[in-house]
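Because the structure is predicted, anything quoted here is derived from the model rather than measured. As a basis for the values below, the full set of heavy atoms in this structure was taken, side chains included, without hydrogen atoms, waters or symmetry mates. In what follows, residues are counted from 1 in the order of the sequence shown. Whatever order the structure lists ligands and atoms in, that order sets their numbers, starting from 1.
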Amino acid sequence: MDYLGKYKSAVAARSTCSEVLAGSQDGGIVTSMFIYALEEGIIDGAIVAGQGEKPWQPKPIVATSVEELLSSRGTRYNVCPNMSVLKESVRKYGLDKVGIVGTPCQIQALRKAQLYPVGLRDVCDKIALAMGIFCMENFSYQSMTQIVQDHCNVDLHSLKKTDIGKGKYWAYTNRGAVSQIPLKLTHKYEQPGCHVCLDYVANLADISTGSVGSPDGWSTVFIRNNNGENIWNKAVAAGIFETKPIESVKPGLELVTKLATEKITKNQKELEHRATFGVGKGLRNPYI
Ligand SMILES: Cc1cc2nc3c(=O)[nH]c(=O)nc-3n(C[C@H](O)[C@H](O)[C@H](O)COP(=O)(O)OP(=O)(O)OC[C@H]3O[C@@H](n4cnc5c(N)ncnc54)[C@H](O)[C@@H]3O)c2cc1C
Ligand code: SF4
């Protein structure tokens, strides 16, 4: 099994822009890349997770300005259906070169739409840059609210950042307090659909990135195909990113591989379990 997907190169990287870094989740790779691509005309807008109606609820938006990209920085650990505005990005916003960020399942949906563009005529050929983010699991809005408010004892209005790492769910407040709970408490809140997901590091993106493997404030980045490589190399040459060989940072790809293997092995077992779920019949397997 190919746990990390195909890639041309992997590096540890972070943005050289302090404004991006100030509000980004990790190394600001997604936001800096989209700002660069927008300013260079590589994309003319990007689908990102904007602010929804409720605090910490993301909403997919088509960002066509640097301001919109900056205000969409950071991870919101609840579902944001970015693919839902893909058609609108072309038909309503008139984009010719679309950037999109997504979890592995969203990038799978994007590639599926490109191969089988049912209802998406003249849309899928406009994808210019697909940025994938690593993802172990996601939560509904209600689940995230319960984790933050009931378990971490932090009000959503005073929440500055949430993070999952080192076996814990972290909640940072605007006034500098840090609350953490072990991930074993959050398992029951995970979206059930995530338990049959066999992709950790967004194998199908042009470029994928996450925090695991690199030191705090840095990101692990996989440059996966020619399109990703072309754009990444231009951005690095333009000084948008600082990079280090992935072999030179700790814990590096060893930990990424370990987590990817754990996720995929566990979820493959769940798929096997579902095959014999009923009496004499099983639940549907989307992979066959
Ligand atoms: C549900 C979820 C689970 C994750 N699990 C892991 C993990 O197990 N290991 C790991 O290393 N990394 C994980 N990540 C990725 C990590 O949290 C960062 O998103 C990633 O490292 C990018 O950071 P950055 O500083 O480059 O991005 P930033 O510059 O901060 O930009 C982040 C981008 O992601 C978009 N975004 C935010 N929330 C969502 C969302 N819910 N759905 C879709 N897009 C969103 C934002 O709009 C923004 O464009 C997860 C992310 C999500 C959303
Ligand atoms: S675990 Fe898989 S299905 Fe769940 S949000 Fe992440 S990528 Fe999507």
query: Which protein heavy atom lies closest to atom 26 (O) of ligand 1, and at what distance to 0.1 Å?
result: I29 N, 2.8 Å
- line: For G210, the ligand 1 atoms with a heavy-atom partner under 4.0 Å come out as 11 (O), 12 (N), 21 (O)
query: Given L129, which of I100, V98, D206 fulfils the side chain to side chain contact (heavy atoms under 4.5 Å, CB included) condition?
result: D206
query: What residue and atom, counting heavy atoms only, is the protein's closest point to atom 4 (Fe) of ligand 2, and at what distance?
result: C194 SG, 2.3 Å
field: Nitrogen or oxygen of T75 less than 3.5 angstrom from that of ligand 1
entry: yes
query: Quick one: does ligand 1 sit under 4.0 Å from the side chain of E137, the backbone, both or neither, non-hydrogen atoms only?
result: backbone
- request: Check whether any side-chain heavy atom of V201 lies under 4.5 Å from a side-chain heavy atom of Y7, and answer yes or no.
  value: no
query: If we only count N/O pairs under 3.5 Å, is G28 in contact with ligand 1?
result: yes
query: Should one rank D26, V20, I35 by closest heavy-atom distance to atom 20 (C) of ligand 1, which comes out on top?
result: D26
task: Measure the CG-OG distance between L38 and S65 for me, rounded to the nearest 0.5 Å.
output: 7.5 Å
query: With under 30° as parallel and over 60° as perpendicular, where do the rings of H273 and F277 fit, or are they tilted in between?
result: perpendicular
message: Classify the ring geometry of F134 against Y200: parallel below 30°, tilted from 30° to 60°, perpendicular beyond 60°.
response: tilted
field: Contacting atoms of ligand 1, where contact means under 4.0 angstrom from a heavy atom of V48
entry: 47 (O), 49 (O)
- request: Give a yes/no verdict on whether any heavy atom in M136 is under 4.0 Å from an atom of ligand 2.
  value: yes
query: Relative to the heavy atoms of S24, which atoms of ligand 1 are at a distance of less than 4.0 Å?
result: 25 (O), 28 (P), 29 (O), 30 (O)
message: Just so I know, are the side chains of P58 and N78 near enough to count as touching, which here means a heavy-atom distance under 4.5 Å?
response: yes
- prompt: Tell me, which protein residue and heavy-atom name are nearest atom 15 (C) of ligand 1, and how many Å apart are they?
  reply: F134 O, 3.4 Å
query: Where do Y189 and H151 land on the ring-ring contact (aromatic ring centres under 6.0 Å, His included) test, with the steps shown first?
result: CA-CA 12 Å; Y189 295 106; H151 289 278; 5.5 Å; yes
- line: Closest to atom 48 (C) of ligand 1 among protein heavy atoms sits S72 O, 3.3 Å
query: In the single-linkage hydrophobic clustering (I, L, V, M, F, W, Y; side-chain heavy atoms under 4.5 Å), do I133 and V11 co-cluster?
result: yes
message: Below 4.0 Å from ligand 1: does a non-hydrogen atom of M131 turn up there or not?
response: no
task: Just jot down the ligand 2 atoms closer than 4.0 angstrom to any heavy atom of N138, in number order.
output: 5 (S)
statement: Quick note on ligand 2: atoms under 4.0 Å from a heavy atom of E137 include exactly 1 (S)
query: Which atoms of ligand 1 have any heavy atom of G27 under 4.0 Å away?
result: 25 (O)
- prompt: Taking all non-hydrogen atoms of both residues, which atom of A63 and which atom of L69 are closest, and how far apart?
  reply: CB-CD2, 3.8 Å
message: If you measure every N or O of V212 against every N or O of ligand 1, does any of those distances drop under 3.5 Å?
response: yes
field: N/O/S atom of C197 inside 2.8 Å of atom 2 (Fe) of ligand 2, strictly under
entry: yes
message: Need the ligand 1 atom indices (1-based, order shown) with element for anything under 4.0 Å from a heavy-atom of N138.
response: 1 (C)
task: Quick one: look up the protein heavy atom nearest atom 37 (C) of ligand 1 and list residue, atom name and how far away it is.
output: G74 O, 3.1 Å
- prompt: Does the side chain of K97 reach to within under 4.5 Å of the side chain of I42, using non-hydrogen atoms?
  reply: no
- request: Check whether any N, O or S atom of C105, backbone or side chain, sits closer than 2.8 Å to atom 6 (Fe) of ligand 2.
  value: no
F34 and ligand 1 - part of the residue with a heavy-atom distance under 4.0 Å: neither
field: Where ligand 2 meets P104 - atom numbers and elements under 4.0 angstrom, heavy-atom basis
entry: 7 (S)
task: Tell me, please, whether W218 has K244 positioned over its six-membered ring: NZ or CZ under 6.0 Å from the ring centre and within 45 degrees of its axis?
output: yes
query: Does a sphere of radius 6.0 Å around NZ in K126 hold more than 12 heavy atoms from other residues, nucleotides or ligands, not counting ones at 6.0 Å or beyond?
result: yes
field: Sub-4.5 Å side-chain heavy-atom contact between T209 and D26
entry: no
message: Below the 3.5 angstrom mark, is there an N/O of N78, backbone or side chain, next to an N/O of ligand 1?
response: yes
query: Between T103 and ligand 1, does any nitrogen or oxygen pair lie at a separation below 3.5 Å?
result: no
message: For a side-chain contact (heavy atoms from CB on, under 4.5 Å) check, start with the C-alpha distance between C105 and N138, then their side-chain angles and the critical distance, and finish with the verdict.
response: CA-CA 11 Å; C105 57; N138 205 351; over 6 Å; no
- prompt: Can you list the ligand 1 atoms lying under 4.0 Å from a non-hydrogen atom of Y200?
  reply: 7 (C), 8 (O), 9 (N)
- prompt: Between I207 and F222, is any pair of side-chain heavy atoms under 4.5 Å apart?
  reply: no
- prompt: Can you tell which part of V101 has a heavy atom less than 4.0 Å from ligand 1: side chain, backbone, both or neither?
  reply: side chain
- prompt: Hey, does I133 sit under 4.0 Å from ligand 1 if you only count heavy atoms?
  reply: yes
- prompt: So, do F241 and Y36 sit near enough that their side-chain heavy atoms are less than 4.5 Å apart?
  reply: no
message: Students should be able to answer this: which protein heavy-atom is nearest to atom 6 (Fe) of ligand 2, and at what distance?
response: C135 SG, 2.3 Å
- prompt: Rounded to the nearest 0.5 Å, how far does CD of Q106 lie from SG of C135?
  reply: 8.5 Å
query: Looking at T31, which atoms of ligand 1 are within less than 4.0 Å of one of its heavy atoms?
result: 28 (P), 29 (O), 31 (O)
query: Are any of the N/O atoms in V30 less than 3.5 Å from those in ligand 1?
result: yes
Interfacing atoms of ligand 2 (cut-off 4.0 Å, heavy-atom, K263): 1 (S), 2 (Fe)
task: Compute the shortest N/O to N/O distance between G23 and ligand 1 and return yes if it is under 3.5 Å, no if not.
output: no
message: Is any side-chain heavy atom of F34 closer than 4.5 Å to one of M131?
response: yes
query: Going by heavy atoms in the side chains, are L86 and V90 under 4.5 Å from each other?
result: no
statement: Per-atom filter on ligand 1: closer than 4.0 angstrom to a heavy atom of N82 are 43 (C), 44 (N)
message: If I take atom NE2 from residue H157 and atom CH2 from residue W56, how far apart are they, to the nearest 0.5 angstrom?
response: 12.0 Å
query: Does ligand 1 have any atom that is closer than 4.0 Å to a heavy atom of G102?
result: no
message: Using heavy atoms and a 4.0 Å limit, tell me yes or no: is F139 in contact with ligand 1?
response: no
message: Below the 3.5 angstrom mark, is there an N/O of Q25, backbone or side chain, next to an N/O of ligand 1?
response: yes
